[in-house]
Amino acid sequence: MSYLPYSSKSNSTSSGLAALDLEQPTASRATSIRPQSRTLHLGQTPTPPTSPFTNPLDQYAQQQIYADKSTRLLGLIRNAQGLVEELQCTNQNRRTIQYPWLTAESQKRPIRRNQTYREDSEVKTMAVPLRRARSNSSSDMPSLITDKAELALNVLKLDVKIGTQTSLDVSKLEESSISKLLDDRFSHALTHLNKLFARISDTSSKMLVTGDLNAGKSTLVNALLKREVVPADQQPCTSLFCEVLDAEMNSGVEEVHGIVDASKYDKNDPSTYTKIDLRHLENTVLDDYEVYTMLKVYCTDRREAKESLLHNGIVDIALIDSPGLNRDSIKTTALFARQEEIDVVVFVVGAENHFTLSGEEFLRSAGREKEYIFIVVNRFDNIRDKARCRRQILEQIKEISPRTYEDADDFVHFVSASNCLNSEETPEEFAQLEQSLRSFALEKRAKSKLAPAKLYLKNIFSDISILSSYNQQRADKDLAEATKSLEENKPAYEEIVGRSQRIIEDADRILEDICSYIDLHSRSKLNNAIETLEEFSSVVEWKGLLYVWQFAQQVKNTMVNFVENRVVECEIKAKERTSVGLQRLDKLGSNKHLDQPQSDIDIDSLFFVPSPTKKLDIQVEISDLIDLKEKFNMMTLSLGSAGMILGKYIGYQKMFSSFLDMGNSVGLQPKRWGWLSVIVGAGAVYFIISDMRYVVERKIANKIRDSVRKTNYVHSQVQRITKESRNILRMSSWDLQTRFQNAVKVQEEQRQQQTNKQKAAIEAKEYFKSLSSKVASYTDAVNAIDTEERKIAASCDL
């Protein structure tokens with residue numbers, strides 16, 4: 001199975017690698033090798049070197065196998081980049097990636113970070129209890145992380161430092177902050193994968209010599225070169241990264257290139273560096289350390305290839321002498337970043353000081369991708385109790401880098417570098433160190449150069465697998481919760497929707513019933529009051545003719561007040577009925593799904609403002625005091641009726657003659673008829689005055705009725721009273737409708753949220769399930785790449 005590079009990241013190097021025929025058998029590919037160049041370049045046919053330690057044909061086959069493994073690793077690096085980019089995009093734009101916390105049960109069994117650097121079988125066995133602990137936890141919320149219980153994550157582990165050693169409890173941060181921290185880890189992983197790709201594509205091998213201040217790093221570099229190249233002193237001397245390379249890479253010229261910007265360095269472009277004489281290297285390191293970021297030191301090793309590390313005839317090797325840890329924060333940070341580009345780490349520790357905290361931190365950081373780290377215990381000859389010193393250091397190494405401890409014979413060396421520089425014979429322990437470095441960097445290139453990349457890929461795929469598994473479980477949980485919530489809320493939702501429509505209809509019916517009653521009652525009461533005005537005027541005392549005007553005014557005021565009081569009584573009754581209606585509406589709103597309370601409606605404010613239309617404007621006039629027309633009509637009607645009756649029986653002529661005879665008999669002469677008229681008139685006046693009280697009452701009552709009819713008073717008052725009551729009831733009805741609408745809206749929003757959560761959970765479940773499947777296949781592909789150097793069985797047939 002071949003894995004092509006991730007499409008969005010492919011470049012000329014990866015394209016050339018992909019062009020290799022990975023399906024061709026190893027033996028047949030080896031037979032087609034033709035000599036071309038000293039160093040194998042990926043994508044090209046290797047050149048047969050003059051190897052001091054293996055059969056040439058074996059070396060050709062090993063080179064071809066190495067190229068095949070490199071190509072597959074490069075493709076897997078691109079695949080890993082693609083997965084990390086997907087996760088980062090998902091975390092930023094689609095769904096927050098949930099960070100897997102340890103449960104309380106898991107915290108009882110702390111997982112050390114170094115355990116995850118072992119083989120896949122061990123990583124898988126650790127992942128299973130972690131998931132089991134989550135599923136069996138009684139708490140729905142993940143427990144907190146402490147510095148005593150670390151996650152099985154490696155590359156993507158969140159580890160926020162306060163100062164140098166104190167870890168921040170990340171679980172106390174907000175989810176958005178954790179998401180940003182995880183996004184930073186994704187970005188760091190992508191950067192590291194890019195460096196891995198560049199490192200695997202680079203056919204040279206970089207060996208970093210680092211350690212604490214004054215540990216003897218520069219002395220060790222000079223001892224490996226068998227000449228004093230980089231400056232060394234009892235005081236900390238090296239303050240720049242000095243990369244020592246074979247002068248043949250610079251056309252055989254020994255010189256130093258002072259580089260300001262390492263990213264722009266090109267040895268074929270003199271504008272990207274400053275040439276410095278090799279003899280002035282020490283002055284440059286001591287005086288110009290602030291001018292340059294690094295130095296490229298090209299020097300010649302005149303030893304034979306079988307003895308030289310730089311001039312080995314197989315692989316271009318760069319020895320990098322670094323500043324000491326904690327010399328300053330900037331260079332320490334640069335050193336931590338630089339180790340990601342390194343193939344072999346040689347950590348120098350003083351035998352008298354052992355490992356410092358900064359040294360342990362660096363080794364743990366490097367151990368995230370390098371299973372094996374060379375540990376050189378320098379100045380060992382100064383130690384009196386060597387066995388005790390050896391035992392203590394090995395115990396520290398066992399805790400810091402277990403795989404290095406397991407192969408301590410090859411990777412842990414106790415030497416005195418200063419004694420090896422000028423001695424004619426190399427001490428046995430130092431010779432063993434040189435042999436181990438040569439074997440690891442030259443013969444075991446798959447182990448030194450490819451194994452760290454393989455380990456990092458295993459770690460990143462393991463982390464993605466853990467994230468996928470955890471987020472898939474969270475998606476299952478979210479899906480179950482959303483589905484359960486939708487099912488549980490469905491009856492309440494259907495009830496509130498159905499009841500909302502019924503209650504709106506009931507509210508309208510209550511409003512109409514109350515308003516119809518108020519209208520009918522008010523209209524009936526006012527009409528009755530208008531028709532019976534005279535019955536309520538008897539309360540006014542009649543004081544005689546002299547007070548007739550005051551009497552008329554009092555009668556008018558009494559009748560008007562009576563009508564207006566009836567209007568007030570109608571308002572009071574309307575207020576009572578309106579209050580009853582509000583109570584009935586309030587009962588309709590007593591629903592358990594209505595979280596919003598009933599709005600307060602002030603019933604006392606009803607009819608509080610006097611209405612100007614309630615007043616009756618009636619003016620008393622003189623004509624209202626007497627009714628001559630009515631009296632005259634009555635007298636005329638009475639006399640006319642008597643005359644008609646007498647005339648009918650005795651005749652009109654005889655009746656007139658009888659009146660004259662009657663007058664003559666009593667002694668009335670014609671001239672005395674005038675007095676008779678006066679007497680008759682006085683009687684008529686008395687008759688009119690004696691009935692004046694009733695006339696006033698009647699005429700004012702009729703005048704009020706006429707005014708009421710003309711102004712449509714009863715209708716306007718009934719309409720006003722009903723309208724105000726309707727407005728109050730309508731406010732309550734609208735409030736009730738609004739409350740139900742809001743309750744329905746809340747239910748709909750909750751259901752929509754749960755529906756969205758359900759949909760997002762289904763999408764997340766499918767996504768992380770697919771991601772887990774990809775990771776599993778990529779992990780199998782990584783495990784299939786053997787980085788352990790083995791002899792080729794068919795070498796004798798090549």
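Side chains included, hydrogens not; waters and symmetry mates left out as well; all remaining heavy atoms used. Counting begins at 1 with the first residue of the sequence.
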Mind checking what makes salt bridge (charged side-chain N to carboxylate O under 4.0 Å, His left out) contact with Glu255, not counting sequence neighbours? none
Test: Asp343 and Lys449 ion pair at under 4.0 Å: yes
Closest non-hydrogen atom pair, Ala417 against Ala223: O-CB, 3.8 Å
Which residues pass the salt bridge (charged side-chain N to carboxylate O under 4.0 Å, His left out) test with Arg390, not counting sequence neighbours? none
Taking everything shown except Lys386 itself, do over 12 heavy atoms lie less than 6.0 Å from its NZ? yes
Under a 4.0 Å N-O cut-off, is there an ion pair linking Lys306 with Glu434? no
Qualifying residues under salt bridge (charged side-chain N to carboxylate O under 4.0 Å, His left out), relative to Arg279, sequence neighbours excluded: Asp277
Honestly, is Lys296 close enough over Tyr273, meaning NZ or CZ under 6.0 Å from the six-membered ring centre and within 45° of the axis? no
Classify the ring geometry between Phe380 and Phe414 as parallel (under 30°), tilted (30 to 60°) or perpendicular (over 60°). tilted
Can you label the angle between the Phe440 ring and the Phe411 ring as parallel, tilted or perpendicular, going by 30° and 60°? perpendicular
Main-chain N/O of Leu156 paired to Asp463 side chain as donor or acceptor, under 3.5 Å: yes
Given side chains that start at C-beta, do those of Ile317 and Leu442 come closer than 4.5 Å, heavy atoms only? yes
When you measure from the side chain of Asn222 to the backbone of Val230, do you find a donor-acceptor pair of N or O atoms at a distance under 3.5 Å? yes
Please check: side-chain N/O of Asn378 versus main-chain N/O of Val349, any donor-acceptor pairing under 3.5 Å? no
Do NZ/NE/NH1/NH2 and the carboxylate oxygens of Glu406 and Arg403 come within less than 4.0 Å? yes
Please find the pair of heavy atoms, one from Glu360 and one from Ile400, that lie closest to each other, and give the distance. CG-CD1, 3.5 Å
Main-chain N/O of Ser205 paired with Arg445 side-chain donor or acceptor, under 3.5 Å: no
Please check if the side chain of Asn250 supplies one atom and the backbone of Val253 the other of a donor-acceptor pair under 3.5 Å. yes
Salt-bridge present (Arg72, Asp68; N to O < 4.0 Å): yes
Does Tyr372 reach the main-chain N or O of Asp407 with its side chain, forming a donor-acceptor pair under 3.5 Å? no
Determine whether a donor-acceptor pair (N or O, by modelled atom type, separation under 3.5 Å) exists between the side chain of Lys370 and the backbone of Ala453. no
Which heavy atom in Ala262 sits nearest to a heavy atom in Met294, and how many Å separate them? CB-SD, 3.8 Å
